[in-house]
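What follows is a set of notes on a single structure, which appears directly below.
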Protein chains: 4
Amino acid sequence: MSDTRPDLGIGMVGYAFMGAAHSQAWRTAPAFFDLPVTPRLSAICGRDEAAASDVARRFGWESVETDWRALLTRDDIDVIDICTPGHTHAEIAIAALEAGKHVLCEKPLANTVEEAEAMADAAAAAAERGVRAMCGFTYRRTPAVAFARQLVASGRIGTIRHVRGQYLQDWLADEDAPLSWRLDKSLAGSGALGDIGAHIIDMAQFVSGDAIASVNGLMQTFVPTRPVGGDHATLGGTSSSATERGPVTVDDAAAFTARFVGGAIGVFEATRFATGRKNALRLEINGTLGSLAFDFEDMNVLELFDATEDPSVAGFRRILVTEPTHPYIAAWWPPGHGLGYEHGFTHQVVDLVTDIAKGADPTPSFADGLAVQRVLAAVEASAVDGTTHQIGATA
Amino acid sequence: MSDTRPDLGIGMVGYAFMGAAHSQAWRTAPAFFDLPVTPRLSAICGRDEAAASDVARRFGWESVETDWRALLTRDDIDVIDICTPGHTHAEIAIAALEAGKHVLCEKPLANTVEEAEAMADAAAAAAERGVRAMCGFTYRRTPAVAFARQLVASGRIGTIRHVRGQYLQDWLADEDAPLSWRLDKSLAGSGALGDIGAHIIDMAQFVSGDAIASVNGLMQTFVPTRPVGGDHATLGGTSSSATERGPVTVDDAAAFTARFVGGAIGVFEATRFATGRKNALRLEINGTLGSLAFDFEDMNVLELFDATEDPSVAGFRRILVTEPTHPYIAAWWPPGHGLGYEHGFTHQVVDLVTDIAKGADPTPSFADGLAVQRVLAAVEASAVDGTTHQIGATA
Amino acid sequence: MSDTRPDLGIGMVGYAFMGAAHSQAWRTAPAFFDLPVTPRLSAICGRDEAAASDVARRFGWESVETDWRALLTRDDIDVIDICTPGHTHAEIAIAALEAGKHVLCEKPLANTVEEAEAMADAAAAAAERGVRAMCGFTYRRTPAVAFARQLVASGRIGTIRHVRGQYLQDWLADEDAPLSWRLDKSLAGSGALGDIGAHIIDMAQFVSGDAIASVNGLMQTFVPTRPVGGDHATLGGTSSSATERGPVTVDDAAAFTARFVGGAIGVFEATRFATGRKNALRLEINGTLGSLAFDFEDMNVLELFDATEDPSVAGFRRILVTEPTHPYIAAWWPPGHGLGYEHGFTHQVVDLVTDIAKGADPTPSFADGLAVQRVLAAVEASAVDGTTHQIGATA
Amino acid sequence: MSDTRPDLGIGMVGYAFMGAAHSQAWRTAPAFFDLPVTPRLSAICGRDEAAASDVARRFGWESVETDWRALLTRDDIDVIDICTPGHTHAEIAIAALEAGKHVLCEKPLANTVEEAEAMADAAAAAAERGVRAMCGFTYRRTPAVAFARQLVASGRIGTIRHVRGQYLQDWLADEDAPLSWRLDKSLAGSGALGDIGAHIIDMAQFVSGDAIASVNGLMQTFVPTRPVGGDHATLGGTSSSATERGPVTVDDAAAFTARFVGGAIGVFEATRFATGRKNALRLEINGTLGSLAFDFEDMNVLELFDATEDPSVAGFRRILVTEPTHPYIAAWWPPGHGLGYEHGFTHQVVDLVTDIAKGADPTPSFADGLAVQRVLAAVEASAVDGTTHQIGATA
């Protein structure tokens, strides 16, 4: 079935967890949304050709590359979608932007502030040439979160006093869960703070429309050594029988207080040790006129308290964010028919493609990604010296 | 990217709400699940060729037909997927089965017991020739519901005493919502009872593993006339400015008590007038050893009470049905990353395709669909004469 | 410390569970509320003088009687508070009213419609002489329930379409729980229907402001025989080691559909077999402009949905009914400091005493109690013959 | 009605909010619990004799004093119950203990660490003479909280990793709420931190069975001036029409991270600006084997996650802490019939009286109160200098 809309060639680097989420998004977006251009799954790139080919077959990628540099030279590719680990982001993204390719880069933007700064600079330079860059803080595209932002922006909850952010998981609570590359600072850069703390920092700054000005935090590694998994790379969260244990060099958990530029105070926590909490990405904001509360474990719901009402009938409302008037929902199902985790990736594609087509800079920008990186670095520095750190251009 | 697995050609009839859900399911299933055969989106059929072509383009259907009979003669089509309104099901399904095509038929199986009986007979005859038929009560494939069935079947909650089923929506609560074909008995057959009551009846019988033996019910049309929408067929739930009103000839709500073959008693309710309830498909089952509770508005959760525990620590548990050990979940995302409404359709495809490949009869069968139809008919009869009706082979 | 307000002498018959609740209410009411008269705990009456004396000492009753008739002849007693089992209510209440004593009578008003009619007649006759009678459906005095009534009466949820009432407990789910007098029809009159179903019927009629017009129901005894407890009358819910079993002659559970005079339809259920539900007295009402939901297991909360709001921000609100603007709350604690089960009894005393002082007829009246009795009788009759029964003056 | 048990004479200082709660507790405890001695409401003391007399009449205090010193010389008084503001605690408590009277002192123990140290010293000295002292952190006596402590102590949740404490209220969110003495540091000593933060610190240390070792925090006054109420002392939370504004000299909110001696990390927050949160005293503890969560706005519930269960059926359980096996509950009502705010005060009386009778030192001790005071002081110091402070004997 032909279509007169122009194609937008996509080249994706990476094919694991994020690769599946992105692949499904690229092909689902044009099915449910009326896009100005049609994404074409041109090429997927992975060093393991067999594995990449399997993903290509499953999702319909037209070709497979084994070197990401090859994507940059192909004329049929307009967008580079970076789904690889954080330490590779800077090199790929900067090269792609310089090659004139739009870039969608998974979070965290980079493993260090320095890399993130270089990437933000590259994105700024590219933007002047009409080349776009977006950082993949996809939780912003959960309809309840996007709607929360609309409510704050419209003044519905007034001046913000409190921001309360948590990202609670429990997959490391077992002390004999094996040592993985995610627990090696030389590869992962950071532990809970960078991996999941980054999400709640971005979400807090996005929904509040405000920026963190200073932080004071602590980090903790509860389990200093774990069984070496040997070559059982796929053991995941199951216990290893290995008796040898190696060192965990990242944080298991982090917590910090914060002050926002606008005067609000914040409390943040990220951990992989909160037994029973599976993906509790939670944000509560208290303003002078009302409050909002969100928990990703109940992702189709936003709670709203309206302090301007008669106190007799005021109460936190459990809004099912599934009405056609809510962000992104009109493209999907009737009220009460909830969306799932991967829908956020589809919405990300919709927004990116729309911005590219109309020549607008998408958000979150690389500068937004850098802002998160600076907060992460300040928390780490604070955890070392026990003092309060300001967030600045040089962190 | 090539694949050595055989194709299974799909021909889908219908292209609206259910058409989109099914289309997405057909192409998503092989991406996330390892299927024994690969569904191929061979043809979509709709009388409105332009509209059908648009859906074909969006989801990747290879061809378009305007007469469903054409699908039956194509050798490249193995499965007929019926997504049209209920009054068309019997003719298409029976013809397809007789033509040797496997059939997936949306619920309700038919608009009358007589049609459903003919379909069940046709399915039984086809099964002897290795041709399979499934009725699309897709809520069975919600992981929390499938898991609830596993728990009951394993004896976890003991002997069932109570079944409490509700399907509550509110899109007709506005008395000036326009008259649509869904409110015309000659076209829709039934109102809330057949449209959504059918779901909760099937879910109750499926999860309990028991059958309703008798019912006693009432039906109510709260708003006997509504504004005639004229040719504004797409007005949907918005108020019409028309002053002319036409008669509503179906039920706005239905309620009934029931006795199950196994001795449990049940209470059921279906309505489009429960203000604030958007898609509250709820089931609670109390057994001698425990209880289960489910609400589709929180679809990734199953509540379980274990009555064998120390009373001091017993309580309804909010199980996030997102663990890899839960039905269907291993193919998707990590714990706490919830699924959405349309995932049930993908699971339906997975189960149907798997059964076809291994020569097994899928469930829910057409006989299951007929069983629901008989309950619906008995409730209607009871609502007329005010007496209790047994569910039998002749309703 | 002296007080110039006149005393109101109370004589209470009964001293068990309800006796404790009422005793605490009589002496707590004047401490927290400014009453026009001061209740004086003049006499408690029980056939077991030692047991009654113990309760008297604990709560401050001034004297003990062993024959309720003695209370009727005492000039220092103005109110007879009847806390004995249902089969004794009619005789005591009628005699007390004829003796010119105000009467507070525990629910159910009586064990039969005939007794209830005689009591309502006696109350009507007494009212003409300024003697007052109240039936103790104390759940009406839960602040959240009283507030729900205010909201319905003010038109906040519009015309009522649905009433959904449940009273779910689980203390008989164990098949070896011993046979008690509560399971003997000759003593208890009824099982779950009369004991707890009565509460949800009264609450539904009270909050809706409407009356049940007809019912169609079923009743079920799941466990037909139970261990005879012998003289172990206090075994309660624990398992008996006795091998002899005796017959259960009342219902374990009851369910019925209903039509209200005003056009709403209702679904009701009462059971002692809902594993995990301890005291789930639940009411949900859906109206054209909104909905209300209440569950006694979360008794300080009323949920409200306002259908007149922008759908984007509409949702069920969890109202903490602990504001000074809520019924009865100003006498107690600051917002968020919840009340408990027995506070309803204190509120009952407040309202009764206030009505007596100002010469008004309190509610629920004996006529209200009779109305509940008629519904119970109609459900029982319906359960026998399987047909719909109208609620009338003669049931 | 006579009783052979000895009396225990109570003399209470103060008669406002806490006075009512304590009065009701003193007379309710012996009604529902079998106490070894019988509290006798001997004297209430207040400088406003009329007001004190009114409370005396309502609750049955036998006499009224206007100088607390008079209570110390009365032989019929055994216990001094201090319900006055914090700055008066040290003088009264120390004098009472030296006079040989047992002391129950409301929280916070004092306004400064120095006062608290003197009080703890006095209590230690008195204990050697058999004179007892208890600090009134009454939330410990909420059954769900007491049960949480039992579960932690029994090892049910393993080694504690995370403590998450919040005390959220909103009664100062209105910027025009009037200036009260509570917002004047010279009188109140502290704002949200000392008033409500003290509760969550004590609860966290009590339930965890661990002590806070260091803190790093911030404090914030969002509204620096408020309308001077003039002599409208009773305006409370309503807006004042006064145009003159005076300075708020205490914190509106405080937040801090903490490390516990046992290795857990904590995050704490106290505020009167969390719009919609009325009395959200919340504690969540994550251990290696499970988690607990409590919120006083749903005070009859404790949530428990058991990480040792099969992940398929694991989930946070909503335990109704109303079973006879739960702390304090056997004296009250059947399961599911919840308790309210003031029941904690009754339980406090039960425990204090029992300890006095058996010659045991009650908890929380004055030393426990001092420990809280030291944490409060360390948070304040940290908020000033932005560095981490250890909790030590000298704060």
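Keep in mind that this is a model prediction, so the values were computed, not measured.
- Nearest heavy-atom pair across Arg317(C) and Val313(A) is NH1-O, 2.7 Å.
- Looking at Phe305(C), neither its backbone nor its side chain comes within 4.5 Å of chain A, counting heavy atoms on both sides.
- Contact record, Ser312(C) with Thr325(A): OG-OG1, 2.7 Å, taken as the closest heavy-atom pair.
- For a residue to count as touching a neighbouring chain, one of its non-hydrogen atoms must lie under 4.5 Å from one of that chain's; by this rule Leu304(C) touches chain A with the side chain only.
- Interface residue Leu151(C): only side-chain heavy atoms are found under 4.5 Å from chain A.
- Ranked by heavy-atom pairs shorter than 4.5 Å toward chain C, the options Arg156(A), Glu303(A), Glu309(A) are led by Glu309(A).
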